Amino acid sequence: MARSRLGSLEAAVMDVMWTSPGPLTVRQVAEILTPSRPVAYTTVLTVMDNLFRKDVLARELAGRAHVYRPRTSREEFAADLVESALSDSPDPAAVLIRFADRLDDADVRRLVEALERHRDRPDATS
Amino acid sequence: MTACAVAALGLTGLWLLPRPLLAARWTYRFPRAGIAAWLLLFPATAGALLAAGLSMALHLLPAGPGGLDGAGDDHVGGPALDGVIAAAEAAVVLAGVVAVGVTVRRAGLARRSHLRSVALVARPAAHTGVLVVDAVQPAAYAVPGRPGAVVLTTAARDLLSRPELDAVLEHERAHLRARHDRLLTVAGTFAAAAPWLPAARVVSRALRVLAEMHADDAAARRTSPFTTASALVKLAGSARPVVGLGAAATDVAVRVERLLGHAGPGRRGPMVLGLAGLGVLAAVPLGVVAAAVVRAVG
């Protein structure tokens, strides 16, 4: 329960970060979030510190406060995530179960032809 | 039956059984029965070895033909051999339990961490338990757990027709419902821990294919075999080609051909015979230990 709430707050924080034109402080993020979901400054600080430690956010000292920015764009983050899930590194522990592994072109051509042959059959529905 | 004979039976089974089971066509027709058959190999082979070692160490059985019935220390090897066998056996069992425990824990952590990252970029989807991620790479996969989730990229969603999408989602949900991850995690642990044992790798790979076929059947029931095959070819064929093509890719071809050649479940005879035979073999070590204990006590 607490974990999923924190998870959704992480997503809300990242939404703010990814749509912001420049770096933001924790206080600024908390202020942007507050109208839609009342949230304590310290909670946002914890979440953003977690995201920094997970390398999702980068931060640097500007004056006396940290300013944060996303390490990658939202698109890059999503692409890296999917790429890591699809990577051909052996996954003996079955962390993820993929629908299909990659096929080479010759196999694809052969299977598409097999599909075409079956498409004409009465039992084929697509 | 003597302890040595039971051990020999287990070793022979380990050597001889995987090949015919791999070649048995009925495992592809009845993937669930096929999975059960591969699982029965564990008690039938490793179980026999363990039972033989246990009965030797505890003097439940004579060590060889004409050996003394249990009690005395005047058998081959003496108490020293008993100790070695008992210690080796305990070490093997303990190592197995620890290895599985460590892999299960690691996999759980990796899954939760992956889902946390997915949650940062996922969009709400019309289907419950499905996370849609904006990405140009077409992909669909299941993240097992409680509750598990199905991750789908926008590229995959755009590539597939509505029925094909239903097939893919049903396939992944079938994996999660059947908890195929537990099966594959345990088998994968042994395959990784004992690379010198070809049987471990064969079992792991066979279970992986059969789990896919089981999930394919669920998808085919929800939609049609043709739709499921078509979704498979689209998703497997659109991914960027890679240099080192994994062995698993050939499984996709086998799965597609199986779905297209689908002509009902077929004859059950070979399946029933195969399962029964393995069941008897799996019961041997249990029976040996039970009978010996009864005799020792009574």
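Numbered from 1 within each chain, the chains take letters A, B, ... in sequence-line order. Being a predicted model, the structure only gives us computed values, none of them experimental.
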Would you check, one step at a time, whether the test side-chain contact (heavy atoms from CB on, under 4.5 Å) holds for Leu81(A) with His114(B)? CA-CA 8 Å; Leu81(A) 199 59; His114(B) 185 79; 4.0 Å; yes

If you tally heavy-atom pairs under 4.5 Å against chain A, which of Leu232(B), Val256(B), Asp181(B), Leu120(B) wins? Leu120(B)

Would you mind checking which part of Ala191(B) comes under 4.5 Å of any heavy atom in chain A, side chain (CB onward), backbone (N, CA, C, O), both or neither? neither

Correct closest heavy-atom pair for Ile97(A) and Glu172(B) would be O-OE1, 3.2 Å

Pick from Gly148(B), Pro144(B), Ala119(B): which one has the most heavy-atom pairs with chain A under 4.5 Å? Pro144(B)

Which bit of Val133(B) comes within less than 4.5 Å of chain A, counting heavy atoms only: side chain, backbone, both or neither? side chain

Around Arg74(A), counting heavy atoms of other residues, nucleotides and ligands shown, do more than 12 lie under 6.0 Å from its CZ? yes

Residue among Leu115(B), Val121(B), Leu183(B) with most heavy-atom pairs under 4.5 Å to chain A: Val121(B)

Tell me which of these, Leu176(B), Val136(B), Val168(B), Asp134(B), has more heavy-atom pairs under 4.5 Å with chain A than the rest. Val168(B)

Between Thr153(B) and chain A, with a heavy-atom cut-off of 4.5 Å, which part of the residue counts as in contact: side chain, backbone, both or neither? side chain

Segment of Val56(A) engaging chain B (4.5 angstrom heavy-atom cut-off): side chain

Measure distances from Val118(B) to the heavy atoms of chain A and classify the residue's part below 4.5 Å as side chain, backbone, both or neither. both

Of Ala142(B), Ala107(B), Ala135(B), the largest count of non-hydrogen pairs under 4.5 angstrom with chain A goes to Ala142(B)

Value rounded to 0.5 Å, distance of CG in Leu235(B) from CZ in Arg98(A): 12.5 Å

When rounded to the nearest 0.5 angstrom, what is the spacing between OG in Ser117(B) and CG in Leu51(A)? 9.5 Å

What part of Arg109(A) is in contact with chain B, defined as an atom under 4.5 angstrom from a non-hydrogen atom: side chain, backbone, both or neither? neither

Less than 4.5 Å apart, any side-chain heavy atom of Leu96(A) and any of Val151(B)? no

CZ/Arg179(B): more than 12 non-hydrogen atoms of other groups inside 6.0 Å: yes

Minimum heavy-atom distance between Arg116(B) and Glu10(A), given as atom pair plus value: NH2-OE2, 2.7 Å

Proximity breakdown for Val143(B) and chain A, heavy-atom pairs closer than 4.5 Å: both

